[in-house]
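Every number for a ligand or one of its atoms is a count from 1 in the order of the listing. For the numbers below, each heavy atom of this structure counts, side chains included, while hydrogens, waters and symmetry mates do not. This is a predicted model, so every value here is computed, not measured.
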Amino acid sequence: MADDIPFDKTLELAPDSVREPVPGLRVVMANNPGPFTFKGTMSYILGRGRVAIVDPGPDDPAHTAALLDAVRGETVTHIFVTHTHRDHSPAAPRIKAATGATVYAEGPHRAARALHIGEHNPLDASADREFAPDVALKDGEVVTGDNWTVEAVTTPGHTANHMAFAWKEAHALFAGDHVMAWATSIVAPPDGAMSDYMASLAKLAKRSEQIYLPGHGPAITDAPRFVSYYILHRKAREASILHRLGKGESDIPAIVRAIYIGIDPRLTGAAGLSVLAHMEDLVTRGLVETDGEPSISGVYRLR
Ligand SMILES: [Zn+2]
């Protein structure tokens, strides 16, 4: 999809087995591979004895059992949820019921903007609308556990309620789906917003964490460099769209065909929504215009 980012697609990890990639951190990957999830959702276990679980994962009894098995004899005190996509949050109530842990997140699922008249939300099925945290965290809030400290870092863009968690002792960040080593993040309106996403990337670029522990795929061990690649990638996408519109007005399917060369056909819809996310941002910034609200079926031209 993008050869400008040095992606790392090496991941030898059996689903629902326990690994310890960093001392004091275990990972159990859910068995939900796919075009949007890579080999599966990463559920992390932070600490030993009295632990936190980051992203309990999908509604999959086998995965919940594997996670509970991994912490047998220990106490789960906290559950952190990065965002409310169905591959990350639905197991939270089960883990909470089994352990009595408190659930922390930014908030329930919400869209980045209201639906336009006549618009349907293409992402409805991917959202976990049942989720509600016990504790809604604000940006910069610090949660302290047994030998670990976590800082909430709001990172809207992939979803409006996306929150990363900085693990202070390890100079690491649970990055959710905001920055991943294996692929770019999907930013799809109305749940996601490109202006928010870019602002969140700029915010991460100013932070000092070296290691990112993403929601899918391997850890990122040179996080600042990787974030700068992500920013350059988005700016290059934007430049490609503007270049294309410089040749004349166009619609989103034509732009996807022109700039997403060799894309996995299963990702064409997501690519279209990503272009729509760019169009919303470009229209807001006065660089591009369309008739009415920016939509997936709209025709776009340079302003
Ligand atoms: Zn997601």
Side-chain angles (χ1 to χ4, degrees), residues 1-2 5 7 9 11 27-44 53-60 63 79-92 103-113 121-133 137 152-165 173-194 196-201 204 212-220 226-227 230 233-234 264 266-267 269-274 276-277:
M1 204 156 144
I5 301 178
F7 287 125
K9 299 196 181 196
L11 182 72
V27 61
V28 181
M29 184 179 73
N31 191 13
N32 60 339
F36 298 104
T37 55
F38 192 39
K39 296 191 176 175
T41 303
M42 302 300 218
S43 297
Y44 294 99
I53 291 178
V54 181
D55 280 351
D59 182 17
D60 168 8
H63 183 59
I79 298 167
F80 293 100
V81 172
T82 59
H83 67 297
T84 42
H85 278 154
R86 288 197 167 278
D87 51 330
H88 291 261
S89 57
V103 180
Y104 297 78
E106 196 267 354
H109 192 82
R110 63 177 186 279
R113 61 160 171 79
N121 186 344
L123 309 161
D124 252 347
S126 63
D128 174 11
R129 288 171 196 285
E130 253 118 77
F131 176 83
L137 292 172
V153 184
T154 49
T155 40
H158 174 69
T159 60
N161 67 353
H162 195 286
M163 182 168 260
F165 300 99
L173 184 88
F174 296 101
D177 286 3
H178 186 68
V179 178
M180 299 174 287
W182 75 284
T184 53
S185 180
I186 287 173
V187 181
D191 285 13
M194 190 57 72
D196 290 347
Y197 186 76
M198 291 302 292
S200 294
L201 281 181
L204 289 193
Y212 282 7
L213 302 154
H216 307 273
I220 298 167
F226 211 84
V227 168
Y230 250 58
H233 167 77
R234 283 295 168 193
D264 178 338
R266 296 171 299 174
L267 295 175
L273 290 169
S274 261
L276 173 60

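Between the Zn ion (ligand 1) and D177 there is an N/O/S contact shorter than 2.8 Å. Backbone or side-chain N, O or S atoms of H162 do not reach the Zn ion (ligand 1) at under 2.8 Å.
Put simply, the angle at the Zn ion (ligand 1) from ND1 in H85 to NE2 in H83 is close to 100°, to the nearest 10°.
Taking the six-membered ring where the residue is Trp, the centroids of H216 and H88 are separated by under 6.0 Å. The distance between the ring centers of Y44 and F174 falls below 6.0 angstrom.
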message = Could you go through H178 and Y197, starting from their C-alpha distance and side-chain angles, then the distance that decides it, and tell me whether this counts as side-chain contact (heavy atoms from CB on, under 4.5 Å)?
response = CA-CA 8 Å; H178 186 68; Y197 186 76; 3.2 Å; yes

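Closest approach of V81 and D55 over heavy atoms only: CA-OD1, 3.4 Å.
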